[in-house]
Amino acid sequence: SDRAILRISGILTHNPGCVDAKLVRRPAIPLHPHIYEVALAQLAEGADLTAVQERNTVYINEGKYRDIESFNPKTTNWRYEIIPTDNKTIYRQHYRAIGIDWSKIPELNIDEWLDEQSDAFKSELSVAITGYQARTDEHDRFQLTIQTEEMKASAWKYGHQKQIIMDGTFGVCSSKLLVFITMAIDDEGHGVPLAFMLFSPPPQNRATQAGYDTHILVDILTTWKESLGLNKLGDSFRPKVAITDTDSKERGALNTVFPGITLRLCRYHMRQCWSNHLKKHLRGEKISDASGSTHGGRHKGALKREGVRKSVKVLQEAILSSQTLPAAKALLTTLRASLYRQATSKSTYSAPSASAILHLDYLSKEWLKPAMFDSFSDSGRVAAAALLDVPISDVANTSNHLECLNGLLKNKHLNRYKRGGRRIRLDLLVYLLVHKILPSMFSERQKQRNYRANANARFFKAAGNVALGPQHTRLGVTERLGDAAWIAPDAEEAEAVRLGGPNLRDEGARSLLLRNFVLPPYLPSGDPSHITVRVLSSTSIPPPAGQSWTVQPTIYLVALRPIAASDASPAVTFAECTCLDFKSRRLACSHIRAALIRFQSHPTAPLLPPLPSSPAAGRALGDLVTSLLQSLPTPAPTLASLSHPSPSAPSLVRTLADALPTLSLNNASDFDSDSDTDFSGSASDSESGESVADIPPASAAATNHVAILHQTQSRLDQAAGKARIALLTCIEIAREAPSELDLSSLTASVNLAELLSALILNSASVAAISKPETTLLPPPHTNPSSASSTSSTLQTGPQLSTVTNKRPRVLPIEREWASKRKEGTVTL
């Protein structure tokens, strides 16, 4: 086993033929042992082959290798130059040093590492790996779960009774392998990996990313849950909320393993799914030119198509931010009616409008269902926040934490171990995850946490005994002033309104006012030139009458500061809000618009000047206000010193009054400014229809089941439509010459049709039907090889030749057909 030379045999004397022999090729000259020492030390530190070759050149030129002073190239039986044929030997020695035998298949190495009776057994890997199952039969799947001690502790600390994220990826190694990752979010908002679940797709599966079903996901999730055991209170691991992409198989598995869990959909994948469907029906180039001229051969109708596309995208964002399903349906119905008028007209909008209607019907049929709507809407996010007892902003809206981890894993950690851009082997992947990558991730997390703790402790007293935020945190509106808000419809809003769609910010202001979410304005220190209005977030759900808030609502601050006219500019109003919409775009958000109407509705309030009408004017006003505040003790202008704008200047109040005709700005009875806002649930009286409280309560498991069943039905209908087209094509081809064609290729289709007929007639379960001529993994707990105890099945491998009882040999996983193919993340 130590590869020592035990005996050398040969002919010790030279015969005449040997003496007269001539060399026909140059013999190999071995590398000096010091070359291997330096190269292996570099590889152990994570260096690549290029770095090894560069150091070899530097050491030769500087004479740093051992014995290089006495080196004579004519007589010395070694060399110092690394040549291409040495690369394989260097890598083999490196992997042999960490216990990877490159001469064996990766699956056999892993099996021996986890076999206690093997000489290659690795106890540290055995502790970190659970649920191991080798491929000993063509129908088996390779399967294991990686979970270090740090990951177990994080699961209980950040995942139990909290939220987790789950997603899958592929293309991480040279074998066809799927990797599903579960992640939690810590108290600082950073993602923490909880488990890496690896399994192989069915043999002969063409697309690796599609090689899984609900059964295998239930199996690996159950194994992960059981490996965590019980906590000190005797509770099993149970998250309350899970965020996934739109894949119904992941959602179904989570609902099975964790009954009652609240399932949320990633908004990034939602938008991607909707955009793909919209592109399918509304084809054409995107153009940024606002003119209708032709550029580079582009059709003039592309501008019309782009306008319709933007209107639909505005509607999609409005659906995502809708509080109730009837409100979302009303928005869709409004735009659909407008598009229908365009589609039936003889204009250039008719074709793209007709295509957009198909997409709206898709949204209505597939997504605007009660169970589905709660999975991605703001109202569902509010409900999840109440369940977790956290602020709404702490409920993840996307799976970006996990997508970021996937990018780091592939582009940073694994990329450094590739050879010539080729993916690494499966056994090396497992070794690196346990020994290198995951410990490095948790060490980096701890380093950053220590830095933040030390920095807070250092400046705690200087900050008035307040923990400071990070350096890049933007200060609030009362601490720092930036560009002022400007009011003017941008291109996206203008096109949406022209097509009859909603103006999101005007509609948002209307909703806030009707729901009484704009609190009475107040003037700090009695100064009428500094008006501050508090506006509740649109995602807030008031509690029933007489009850307190279960979750503290998010309150945005709107600052209104009238600026007196000067010789160079008329009077304007400086406005700023703490919401994300204003910070990112500097356009007057719905909170600013609602606050202005609320203030102006007071019978004694003077008319405020208008907001700037362009981004440039907003930036100039922001600079002016900043200079005024910094030039102390110059007094701030007051309302009494302001000149009112000319009648020709557009007023924001009048602009919003046109958009909101049901609101009377001159009638003080519309808003009771002298009383506190009523939180007794008056929001349900708005035009949006039934509120969240009007929906009959249902268990989370039942809601999840309905949503998953709806998604599964949609998948079945789509697959049936494609199969019907394919079968009709086969029939048409077979009719051309039925007596001369070989129809044996249709046998599998005929058998499948018979199985489907039996399913429909007998109402059998779908899981009872297996695909013909495939090797799918049977449902869990049906494989005879897995009927033994957990201890003997999960952590054992084939015995060595010295052991009497032999297990079946380990079969390799099918290799990827293109190992250099661009890696991708599963997006379904």
Side-chain angles (χ1 to χ4, degrees), residues 246 267-322 325-369 372-373 376-377 488-508 510-511 581 584-585 587 590 655 658-659 714 718 827:
T246 57
R267 284 198 175 181
Y268 168 77
H269 290 92
M270 288 283 299
R271 292 187 178 99
Q272 193 175 49
C273 180
W274 291 357
S275 297
N276 292 338
H277 189 272
L278 181 60
K279 291 177 184 178
K280 176 182 176 182
H281 292 283
L282 198 62
R283 299 179 182 275
E285 293 182 272
K286 287 186 177 180
I287 60 176
S288 56
D289 197 315
S291 65
S293 59
T294 303
H295 297 278
R298 293 173 177 171
H299 195 273
K300 292 183 178 181
L303 179 62
K304 311 297 183 183
R305 188 164 44 245
E306 185 66 15
V308 173
R309 180 186 288 109
K310 286 186 176 180
S311 300
V312 174
K313 287 186 174 294
V314 170
L315 171 70
Q316 291 176 171
E317 293 302 319
I319 291 175
L320 290 175
S321 59
S322 296
L325 181 58
K329 289 184 176 181
L331 293 174
L332 187 143
T333 302
T334 301
L335 182 58
R336 193 185 190 283
S338 176
L339 292 175
Y340 180 78
R341 290 192 297 269
Q342 297 284 354
T344 54
S345 64
K346 296 181 179 180
S347 65
T348 53
Y349 280 100
S350 58
S353 297
S355 300
I357 289 176
L358 297 176
H359 177 67
L360 297 187
D361 292 342
Y362 158 78
L363 294 178
S364 177
K365 178 183 177 181
E366 303 295 337
W367 299 100
L368 294 187
K369 303 293 183 182
M372 291 300 300
F373 182 78
F376 63 84
S377 64
D490 59 8
E492 187 174 304
E493 287 181 333
E495 185 65 19
V497 173
R498 198 198 65 76
L499 292 176
N503 186 320
L504 291 183
R505 294 174 182 84
D506 286 349
E507 290 294 330
R510 176 192 181 93
S511 175
D581 181 36
S584 60
R585 306 187 66 174
L587 190 65
S590 58
T655 302
D658 295 336
S714 299
Q718 294 176 9
T827 303

Is it the case that over 12 heavy atoms from other parts of the model lie below 6.0 angstrom from the OH atom of Tyr340?
no

Nearest heavy-atom contact between Arg267 and Ser377 is NH2-C, 3.6 Å

Can you tell me how the ring of His281 sits relative to the ring of His277, calling it parallel under 30°, perpendicular over 60° and tilted otherwise?
tilted

Closest non-hydrogen atoms of Val308 and Pro352, given as atom of the first, atom of the second and distance, are CG1-O, 3.8 Å

Any side-chain heavy atom of Gln316 sitting closer than 4.5 Å to one from Lys313?
yes

Of all the heavy-atom pairs spanning Leu335 and Val312, show the shortest one and how long it is.
CD2-CA, 4.2 Å

Could you state the interatomic distance from CE (Met372) to CG (Leu363), rounded to the nearest 0.5 Å?
11.5 Å

Could you grab the distance from atom CG of Leu320 to atom CH2 of Trp274, nearest 0.5 Å is fine?
4.5 Å

In terms of heavy-atom contacts, Ser590 and Gly508 come closest through CB-C, 3.7 Å

Do Glu317 and Arg271 have side-chain heavy atoms sitting under 4.5 Å apart?
yes

Identify the two heavy atoms, one from Phe373 and one from Leu368, that lie closest to each other, and give their separation to 0.1 Å.
CD1-CD2, 4.2 Å

Please tell me if the side chains of Trp367 and Leu332 come closer than 4.5 Å, counting only heavy atoms from C-beta onward.
no

Over all atoms of both residues, closest heavy-atom pair of Asp361 and Arg336:
OD1-NE, 2.8 Å

Give a yes or no answer on whether the side chain of Ser364 reaches the backbone of Leu360 with a donor-acceptor pair at less than 3.5 Å.
no

CG (Leu315) and NE2 (His359) are apart, to the nearest 0.5 Å, by 8.0 Å

